[in-house]
J.: 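Shown below is the structure under consideration.
Counting from 1, the numbers follow the sequence of the chain as shown.
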Amino acid sequence: FRSSEVGSFERDWSPRLDSAMRAAVIALVLSSVSVAIGSDAGSGGSDYFYTHFHAQPLKNWLNDPNGLMYFAGKYHLFFQYNPNSYSWGDMHWYHMVSDDMLRWEHLPVALAPDHDYDCGGIFSGSATVVRNATTGQDVPVLTYSVACGKTIVNAVPADITDPKLVQWTKPDFNPVIPVPPSVTGGFRDPTTAWQGKDGVWRLLVGCGNDIGTCQFKSKDFTHWTYVGAFHSNGGGMWECPDFFNIPGTSSYLLKASVSSKDWWAVGEYHENTEEPLRADSFVPRSADILEGGQLYDYGQFYASKAFYDPKGKRQVLIGWVSYHCAGTDWSGVQTFPRTVELDPSGRSIVTNPIKEIETLRASTDSEANVLVKGGATHQVPYSGAQLDVEVTFMGSFSQASSFGVRALVSKQVAGFQTIAPAGVALTVQVTGPGEATLQGQPFKFEAGKPVTLRVLVDHSIVEGFAQQGRAVSTLPYCPPSADATGLEIFNSGSDDITASVMVHQLKTANVIPVEIID
């Protein structure tokens with residue numbers, strides 16, 4: 001199934017909003033913050049922590065990505081947002097739109113807690129494209145949970161002809177799913193829905209008390225029946241579940257956010273079409289959720305959301321990175337979009353930056369076969385705060401091998417010894433023949449072959465991808481100054497290594513807030 005798949009829908013959800021009113025709303029929202037659209041690595045405002053190719057609001061708090069979808073030629077990204085502070089609270093849904101998942105346009109808040117059933121705030125949810133049975137028109141539906149944990153709610157575009165889907169409305173028949181009486185300990189974060197072979201819609205919701213994922217079924221997308229637990233493996237409340245077919249395969253991936261980490265399992269999906277009032281099932285072929293260290297990312301990464309991109313025929317993943325740099329008026333960013341693919345083993349996955357990042361490359365420099373002795377550091381002569389770095393390491397790779405990349409290094413140096421603060425490091429530790437870790441996450445490599453590390457650097461966040469995405473780690477970092485842009489290859493082990501480096505300078509894609517000086 002795909003988030004872009006459609007089915008019959010029995011209500012006409014196509015109200016209109018006057019275009020002049022839409023324009024006035026957008027102007028009002030954007031007028032509160034002065035912005036500049038940068039074109040190169042040197043552009044932007046006085047906040048050198050603000051990212052230049054990661055999605056984030058112009059100011060204030062963000063958390064979970066929500067409602068990702070591709071509809072009518074546009075990518076849509078919603079996320080949890082506090083319009084009043086850079087601290088958590090008063091949850092709304094922020095809205096951004098893009099043609100390429102690089103250059104995001106800021107739109108007005110899409111969803112606010114403006115009904116009684118929105119008790120406590122708008123929590124996480126997903127998007128599903130549904131076909132209106134009356135009009136034959138495809139309609140994107142946002143399905144979300146609420147802070148009080150009592151209901152699930154639907155919202156639809158106020159004007160389906162608006163290419164940016166700026167305004168959203170909540171139909172009168174809301175809420176669509178009440179918390180089942182047997183479910184306690186949490187009820188939130190519905191997944192993208194899908195249709196089974198029987199034409200019935202399925203939807204998962206995170207549920208507490210070790211239920212894991214609750215499943216609901218519906219014939220019309222408005223009347224839903226609780227059919228029981230879909231899959232669980234302990235661990236208490238499973239937040240922000242995801243469930244999808246891995247494109248190009250017969251395998252499915254189930255994901256749950258538990259204990260501040262995003263866990264996944266790969267396996268088989270079994271529809272229960274013979275007993276429509278009972279749940280379907282998922283049987284892991286890999287280790288299960290909370291087992292085997294199966295995390296999307298071993299760094300600062302949580303509450304992720306994946307969606308099927310019909311344009312690229314791929315599954316795209318975005319996760320929340322929580323941090324706050326002192327003196328700024330914002331907290332958190334979304335990761336750069338990543339593809340999710342099945343590893344040839346059939347039991348694991350690989351995640352890598354979407355290929356569109358290559359269009360941001362402004363220039364490329366390289367060094368080949370640089371010898372870095374045990375305990376030494378090599379300063380790469382090419383640096384910056386907006387980089388896509390590709391490194392290939394060669395060596396004997398014994399268990400004494402430990403090496404990596406350090407970014408956002410202060411330019412205050414003495415000889416080859418960096419003076420603190422030393423930037424942010426991504427470390428590969430060899431643990432055995434053909435085995436290593438990136439920031440503690442295990443991955444395998446072929447003996448006698450190189451170990452590879454790709455690093456994205458964006459002002460206050462660094463993302464590392466080892467061995468073509470078999471281990472991933474995201475590290476936020478607030479550098480001490482705007483000139484902390486150095487790049488190093490370090491060897492903290494005793495074995496000598498050689499490194500070949502390609503450094504791509506990246507253009508600015510974001511709208512950058514700028515300080516207004518009277």
Side-chain angles (χ1 to χ4, degrees), residues 61-66 79-80 88-89 91 119-126 143-153 175 177-193 202-216 224 226-244 252-267 269 278-306 317-322 332 349 440-441 474:
W61 169 277
L62 74 72
N63 53 289
D64 312 5
N66 298 143
F79 48 78
Q80 299 280 279
W88 184 91
M91 288 291 96
C119 45
I122 311 294
F123 268 22
S124 288
S126 303
T143 304
Y144 67 87
S145 53
V146 295
C148 67
K150 294 181 178 180
T151 60
I152 303 297
V153 181
I177 302 176
V179 58
S182 60
V183 173
T184 60
F187 180 68
R188 57 185 177 271
D189 311 334
T191 65
T192 294
R202 277 104 162 131
L203 179 77
L204 304 182
V205 178
C207 290
N209 284 354
D210 291 338
I211 297 175
T213 47
C214 298
Q215 188 175 43
F216 297 82
W224 294 85
Y226 176 48
V227 295
F230 176 73
H231 187 76
S232 64
N233 194 39
M237 176 69 197
W238 285 15
E239 296 187 296
C240 303
D242 246 350
F243 184 66
F244 56 85
Y252 285 76
L253 185 147
L254 177 66
K255 167 258 172 180
S257 300
V258 188
S259 301
S260 300
K261 296 294 182 182
D262 275 20
W263 300 81
W264 58 263
V266 170
Y269 167 52
R278 299 193 64 179
D280 303 334
S281 61
F282 171 74
V283 180
R285 186 166 60 248
S286 66
D288 208 339
I289 301 291
L290 297 172
E291 297 176 354
Q294 294 178 165
L295 302 177
Y296 272 148
D297 190 305
Y298 262 52
Q300 186 67 40
F301 180 98
Y302 193 63
S304 63
K305 179 61 61 179
L317 171 73
I318 293 179
W320 165 41
V321 187
S322 177
I349 59 171
Q441 182 174 18
T474 299

J.: Using atom types as modelled and distance alone, determine if a side-chain donor or acceptor of Thr474 lies under 3.5 Å from a backbone N or O of Gly299.
T.: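 Not confirmed, Thr474 side chain does not pair with Gly299 backbone.
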J.: Using modelled atom types only, decide if a donor and an acceptor are shared between the side chain of Asp210 and the backbone of Gly236 within a distance under 3.5 Å.
T.: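 Yes, because the side chain of Asp210 sits within donor-acceptor range (under 3.5 Å) of the backbone of Gly236.
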J.: Taking side chain as C-beta onward, heavy atoms only, is Pro175 less than 4.5 Å from Val153?
T.: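 Result yes, sub-4.5 Å side-chain heavy-atom pair found.
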J.: How many angstroms lie between CE in Met237 and OG in Ser257, if you round to the nearest 0.5 Å?
T.: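 It comes to 10.0 Å.
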J.: Could you give all pairs that pass the salt bridge (charged side-chain N to carboxylate O under 4.0 Å, His left out) test and reach residues 282-306, with sequence neighbours left out?
T.: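 Of all non-adjacent pairs touching residues 282-306, those that pass salt bridge (charged side-chain N to carboxylate O under 4.0 Å, His left out) are Asp242-Lys305, Asp297-Arg338.
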J.: Please name all residues satisfying side chain to side chain donor-acceptor pair (under 3.5 Å) with Ser124, sequence neighbours left out, ordered by chain then number.
T.: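 Partners of Ser124 by the side chain to side chain donor-acceptor pair (under 3.5 Å) criterion, ordered by chain and then number, come out as Asp64, Asn66.
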J.: To the nearest 0.5 angstrom, please state how far the OG atom of Ser260 sits from the CD atom of Gln300.
T.: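 Ser260 OG to Gln300 CD: 8.0 Å, rounded to 0.5 Å.
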J.: Taking side chain to side chain donor-acceptor pair (under 3.5 Å) as the test, write out the residues that go with Tyr302, two or more places apart.
T.: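 Side chain to side chain donor-acceptor pair (under 3.5 Å) list for Tyr302, sorted by chain: Glu239.
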J.: Can a donor-acceptor pair be found, under 3.5 Å and without considering hydrogens, that links the side chain of Lys150 to the backbone of Cys119?
T.: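 Not a single qualifying donor-acceptor pair exists.
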J.: In Å and rounded to the nearest 0.5 Å, what is the CG to CG distance from Leu253 to Leu317?
T.: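 Here the rounded value is 9.0 Å.
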J.: Could you list the residues that satisfy ring-ring contact (aromatic ring centres under 6.0 Å, His included) with Phe282, not counting sequence neighbours?
T.: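 Listed in chain order: His231, Phe243.
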J.: Looking at CZ of Phe79 and CD1 of Ile318, how far apart are the two atoms once the value is rounded to the nearest 0.5 Å?
T.: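 One gets 10.0 Å once the value is rounded to the nearest 0.5 Å.
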J.: Among all residues two or more places apart in sequence or in another chain, which pass the side chain to side chain donor-acceptor pair (under 3.5 Å) test with Thr184?
T.: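 Expected list: Asn209.
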J.: Tell me every residue that passes side chain to side chain contact (heavy atoms under 4.5 Å, CB included) with Phe216, counting only those two or more places apart in sequence or in another chain.
T.: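 Ile177, Pro180, Phe187, Val205, Cys214, Trp224, Tyr226.
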J.: Does Asn63 reach the side chain of Trp88, with side-chain heavy atoms less than 4.5 Å apart?
T.: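 Sidechains of Trp88 and Asn63: in contact.
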J.: Quick one: side chain to side chain donor-acceptor pair (under 3.5 Å) partners of Asp280, sequence neighbours excluded?
T.: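 With neighbours one apart ignored, the set is Arg202, Gln215, Lys217, Tyr269.
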J.: Can you name the residues that form a ring-ring contact (aromatic ring centres under 6.0 Å, His included) with Tyr144, not counting sequence neighbours?
T.: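 Per chain and number, Tyr144 pairs via ring-ring contact (aromatic ring centres under 6.0 Å, His included) with no residue.
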J.: With distance as the sole test, does Gln294 use its side chain to make a donor-acceptor pair with the main-chain N or O of Ile289 at under 3.5 Å?
T.: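 No, the answer is negative, given that no donor and acceptor are paired below the 3.5 Å cut-off.
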J.: Does Arg278 have any salt bridge (Lys or Arg N to Asp or Glu O under 4.0 Å) partners at least two apart in sequence or in another chain, and if so, which?
T.: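 Testing Arg278 for salt bridge (Lys or Arg N to Asp or Glu O under 4.0 Å), a comparison that skips the adjacent residues, returns Glu275.
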J.: Could you check whether any side-chain heavy atom of Asp189 comes within less than 4.5 Å of a side-chain heavy atom of Ser145, counting everything from C-beta outward?
T.: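 Yes, side chains in contact.
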J.: I'd like to check the side chain to side chain contact (heavy atoms under 4.5 Å, CB included) partners of Leu290; sequence neighbours left out, ordered by chain and number.
T.: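 With sequence neighbours excluded, Leu290 shows a side chain to side chain contact (heavy atoms under 4.5 Å, CB included) to Trp238, Val258, Trp263, given in chain and number order.
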J.: Output all residues satisfying ring-ring contact (aromatic ring centres under 6.0 Å, His included) with Phe301, sequence neighbours left out; order by chain, then residue number.
T.: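 Per chain and number, Phe301 pairs via ring-ring contact (aromatic ring centres under 6.0 Å, His included) with no residue.
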J.: List the residues meeting disulfide bond (SG atoms under 2.5 Å apart) with Cys240, not counting sequence neighbours, and say none if there are none.
T.: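 Here no residue qualifies.
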